[in-house]
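Some notes on the structure that comes next.
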Amino acid sequence: MSIIEPNVRTFLGKYVSDPQVDGDLDLFSSGLVNSLYAMQLVLFIEKEYGIQVANEDLDYENFKSVNAIVNFIDEKQ
Amino acid sequence: MINFDLTTEQKSAQLQFKTWVDENVAPFADQFDEQQETPNSMIELLVKVGYLGALVPKKYGGAEMDHITWGLLCEEVGRTSASLLSLLTVHSMMIQTIAKWGTDEQKNLWLPKLATGKVIGAFGLTEPNVGSDARHIESEAIKQEDGSYILNAQKRWISFGSTASLFVIFAQVDNQPAAFLVERSMNGFVSEPIKGMLGFRSANIANLSIKDVHIPASNVLGRPGFGFSHIASTALDQGRYCIAWGCVGLAQASLDASMSYAGSRQQFGKPIVEHQLIQEMLTEMIVQTKAARMLCLNAAYLKIKGEPSLIMETSTAKYFASRVAVAASNSAVQIHGANGCSADYPVQRFFRDARIMEIIEGSTQMQQIIIARAGHQQHLVDQRDRESAKNQKQ
């Protein structure tokens with residue numbers, strides 16, 4: 001398991017009751033998170049990993065699930 | 001730990017802001033309100049002193065002001081003119097969205113112009129049929145084969161809409177929200193000033209009509225689908241932060257005017273400041289204004305740290321500060337009596353402007369929905385963590 005994943009789940013745990021969701025579950029279409037979460041996720045990634053999320057990163061596939069977020073962070077690092 | 005002490009530089013900047021607005025804005029704010037227009041000469045003064053470029057990064061010619069200093073500037077401008085504060089608000093919303101989500105080409109083209117005031121920015125989300133329910137905007141853009149778009153949009157209540165030369169306009173692209181940089185010079189763009197508003201009368205508010213406007217691909221901000229979740233959210237967070245601080249200024253102005261009036265107005269043989277029911281109103285104004293300022297400083301602190309919680313805490317600050325501005329200005333009118341209802345005193349303007357503060361950048365009721373939801377979610381998370389800790393102990 002990536003060392004990034006527990007951090008992502010800890011972050012997710014601030015906004016959902018059970019962050020141990022399936023890694024491929026679509027967090028947005030499942031209704032698990034609200035609209036504010038999108039920017040909160042951007043801020044989390046930027047603060048925690050020193051990554052700048054920019055224009056070219058605006059791809060739903062980068063943020064839709066725990067696994068997608070982990071892969072995105074991994075690739076940007 | 002949160003440190004609410006201002007640095008030497010921040011205190012110095014605060015003094016500079018106070019002096020500048022007292023000399024350049026306060027003497028004309030009522031006049032502009034009456035004329036229902038902020039003249040270009042006033043905007044040129046803002047440009048000259050460098051406040052319009054306050055948030056632009058230094059590499060693009062701006063001042064790259066820190067969040068607290070920027071908040072202090074918004075408070076001081078808000079103390080003298082809510083309408084002028086709205087210029088700083090919408091201009092900075094444009095700056096933040098381009099600085100965060102713009103392409104390198106967009107940043108290089110627009111940020112230096114926004115820093116120097118060669119371009120004034122504004123924000124176009126609200127429509128005749130769509131206010132709080134912003135996800136259901138009716139404006140529409142259709143993608144062309146060459147990657148450009150044809151945009152049709154009607155936007156309403158746009159602060160500085162009759163002055164700005166660059167707008168971030170939101171529209172649906174195949175039912176996905178998108179953001180476009182629309183230039184006043186584009187064929188098919190028309191703005192129409194709105195007069196007779198209750199407050200923000202000199203905020204140069206306008207309706208925007210955008211008919212079959214050709215938008216080059218280079219003017220798409222972010223990507224379709226992210227117009228609301230990322231572009232508008234970034235702008236609105238910035239807007240709420242400005243408005244929250246401006247409301248602290250508006251409440252402070254109401255308090256200052258009330259203290260001055262209550263100290264000199266004699267009734268029943270003594271200054272009314274010595275009457276206990278007046279003191280109750282003054283006490284509420286003092287304490288509530290201080291509390292609002294601390295919520296703004298808390299939001300500033302989180303912004304400096306880049307904490308994800310800054311979004312909710314900025315909403316909280318805006319919600320509270322706008323209500324405080326209404327309550328304080330309402331009390332100010334009451335303390336002034338009939339004088340407070342006349343054009344001889346600015347408190348009636350404060351009251352009219354404060355009402356707008358509770359509506360713009362997310363109404364009080366919309367803030368209540370998101371604050372209560374977030375609070376409930378936090379409650380569930382806390383409950384889960386407590387049970388988890390209890391189970392581990394067993």
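So you know, we letter chains A, B, ... as the sequences are listed, proteins then strands, and number each from 1. Computed from a prediction, not measured in an experiment: that's the story for all the values here.
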Interchain donor-acceptor contacts below 3.5 Å (chain A, chain B):
unit_1	atom_1	unit_2	atom_2	d
A/G13	O	B/R384	NH1	3.1
A/G13	O	B/R384	NH2	3.1
A/Y15	O	B/Q377	NE2	3.1
A/V16	O	B/R384	NH1	3.0
A/S17	O	B/R384	NH1	3.0
A/E46	OE2	B/K100	NZ	2.2
A/V53	O	B/K100	NZ	2.7
A/N55	ND2	B/W101	O	2.8
A/E56	O	B/R223	NH2	3.4

Q | CE-CG distance between A/M39 and B/L236, expressed to the nearest 0.5 angstrom | A | 11.0 Å

**Q.** A/V42, part contacting chain B, at a heavy-atom distance under 4.5 Å
**A.** side chain

Q) Can you name the nearest heavy-atom pair linking B/V381 to A/V16, along with the distance? A) CG2-O, 4.0 Å

**Q.** Interatomic spacing from CD1 in B/I370 to CG in A/L36 - rounded to 0.5 Å
**A.** 5.0 Å

